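Below: the structure, in C-alpha cells.
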2 protein chains.
Amino acid sequence: MRAVAADAGVSPALVLHHFGSKEGLRQACDEHVLDAIRSGGEVDASALGHVLRAATPVRRYLGRALLDGTEGASVLFTEIVDRTEEWLAVGEAEGWVRPTSDARARAVTYVSWLLAPLVLGDQVGRLLGGDPAETATAVRGARAGLEMLTGGLFTDDRWLTAFTAVDERESSR
Amino acid sequence: MRAVAADAGVSPALVLHHFGSKEGLRQACDEHVLDAIRSGGEVDASALGHVLRAATPVRRYLGRALLDGTEGASVLFTEIVDRTEEWLAVGEAEGWVRPTSDARARAVTYVSWLLAPLVLGDQVGRLLGGDPAETATAVRGARAGLEMLTGGLFTDDRWLTAFTAVDERESSR
DNA sequence: ACGTGGACTGAACGATCGTTCAATACTCTG
DNA sequence: CAGAGTATTGAACGATCGTTCAGTCCACGT
C-alpha cells in the first residue's frame, strides 16, 4: 500500500479512500488488466499478437494473478480455453486443424502454451535477448512456436508411442 | 515463518536456529525442490514424466520460484534449455526432429511449453478434471501436447504466413 | 460570498512480521 | 555420573503492515 501510494505520489490514506481496502485495489487492478487484454478485440487465438506485445508490467501481473488463482484470472483463463476449443473445432471441420482424440485437453494445453512465454516472460526474455520488454524477443519465441505447431516438431511418432508405453506401464502398477 | 513452524509443530525460533534466517530457509527450499527434480535422472526432455508427476506442492513452489526469478530457479531453467537445445540438435542430425530457422528460440519455447502446465497447474487441473493433484489429469494434457508436437496442429502454414505478414507490417511502422 | 462535498493528508493504532536472546530440556561422550 | 554440546522454547523487540480518523485544502453550485 505504502509503495503503491509513493509511486503514485500520494499518501497511503488516499489510496484507501479511493479503493476502500487493499483487496479493493487488487480487484481494481484485476479488472484493469483483464480489460486491457480483452480490449484487443475478441479473446481468441488471434489475440496472440496483443498478448505477446502487452507491456511487461501487465504481463507480470497477469502471470502472478494466474498463479495465485485470482478469481478474475481464472475466469479469463476459462474464457480463453472455451473460445479456443470452439475455434479449433471450426478449424477441424474446415480441414486446417488436425483431428484429436481429446479436444478439451488439446484446447487447455494449447492455451497454456500460449500463456507460457507470458508467465515465464522473465526467464524467456533473459535467454532470448537482453531486454525482456523488447517486442522482438517475444516475436522470436512466437515464430519458433508457430513453426512447431505447423507441421510438428518431430518427424515421426516415436515420442508419442514411447509416452503411451510409459503411461500404460505406470498406470497398470 | 510462524506458519511454517506451526506446520512443523515447532517454535518459530527453532526454524531460525536451523536455517539462520527466512532467506536461508528459502534457499534450502530451493535446493530441496531442485534436487528433487534433478534426481529424476538427467535433466533433459525425458524428465517430462518426472516433472509432470511431481507432487503438487513442489509444482506450486517451482512455479512461484520461476516467476519470482529466484536464482536457483533461473539456473535450472537455463540448464534445461541448454540440454534441450543439444537434444534437439541431435534429433535434427538424426532426422527425427525437423530443422528450424532459430534453434535457440525453439529450445526456449519448447521448454516454456514443457513448464507451462506445471506453472499453470491449478488452472489446467481445474479445467481438465476436479483434482489438480491427480496424475491422470497431467497425463491427459501431456498426451494432447505430444499429439500437437507430432505431426503438428495445423495442416497448412496459413498461421505462420499470417504471423509473418503481421510482424513485418508492425516492424516496418 | 458562502457553504457543502470530495480530494487529500499526517499521525497514530493494532496486528503481524522476522529476528534476538536468555534459559531450559535433551542427548550423547568421557 | 558429570559435563559439553545441541535441540528447543517463551518472551520480547523493532520494523512494517493495512487501516482508521480527525482535520485541512480546494473546487464548484447557489
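Chain letters run A, B, ... following the sequence lines, proteins first and then strands; every chain starts at 1. The structure displayed is predicted, hence computed values, not measured ones.
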Between [atom2] on [N] and [atom1] on [X], what's the gap in Å once rounded to a whole number?
| X | N | atom1 | atom2 | value |
| --- | --- | --- | --- | --- |
| B:Lys22 | D:dA15 | NZ | C1' | 13 Å |
| A:Glu23 | D:dC17 | CD | P | 18 Å |
| A:Phe19 | D:dG18 | CZ | P | 15 Å |
| A:Met1 | C:dC13 | CE | C1' | 18 Å |
| A:His18 | D:dT19 | NE2 | C1' | 16 Å |

(message) Tell me if a side-chain donor or acceptor on A:Asp157 pairs with a main-chain N or O of A:Leu160 at a distance below 3.5 Å.
(response) no
(message) Using modelled atom types and a 3.5 Å cut-off, is there a donor and acceptor pairing between side-chain atoms of A:Gln123 and backbone atoms of B:Leu66?
(response)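 It does hold such a pair.
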Look at the side chain of [X] and decide which nucleotide, out of [options], has an atom nearest to it.
| X | options | value |
| --- | --- | --- |
| B:Ser21 | D:dG18, C:dT19, D:dA7 | C:dT19 |
| B:Ser11 | C:dC17, D:dA7, D:dT9 | D:dT9 |
| A:Leu14 | C:dC8, D:dA12, D:dA7 | C:dC8 |

(request) Look at B:His17 and D:dT9 and indicate whether a side-chain polar atom (N or O) is within less than 4.0 Å of OP1 or OP2. (result) no
(request) Output, in order, the C-alpha distance, side-chain angles, deciding distance and verdict of side chain to side chain donor-acceptor pair (under 3.5 Å) for B:Thr70 and B:Arg26. (result) CA-CA 10 Å; B:Thr70 290; B:Arg26 228 185 50 80; 3.1 Å; yes
(message) Go nucleotide by nucleotide along DNA chain C from the 5' end; which of A:Gly9 and A:Arg2 gets its closest nucleotide reached first?
(response)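 Whichever sits nearer the 5' end wins; that is A:Gly9.
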(message) Could you walk me through whether A:Arg126 and B:Thr78 satisfy the side chain to side chain donor-acceptor pair (under 3.5 Å) test, starting with their C-alpha distance in whole Å, then the side-chain angles of each, then the deciding distance to 0.1 Å, before giving a yes or no?
(response) CA-CA 9 Å; A:Arg126 185 169 52 83; B:Thr78 307; 3.2 Å; yes
For nucleotides 20-27 of chain D, list the nitrogen or oxygen atoms of the protein found under 3.5 Å from its nitrogen or oxygen atoms, one pair per line.
none

(request) Using distance alone, with no hydrogens and no angle criterion, decide if A:Thr109 and B:Arg140 have a side-chain donor and acceptor under 3.5 Å apart. (result)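 Short answer, no.
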(message) Classify the ring geometry of B:Tyr110 against A:Phe154: parallel below 30°, tilted from 30° to 60°, perpendicular beyond 60°.
(response) perpendicular
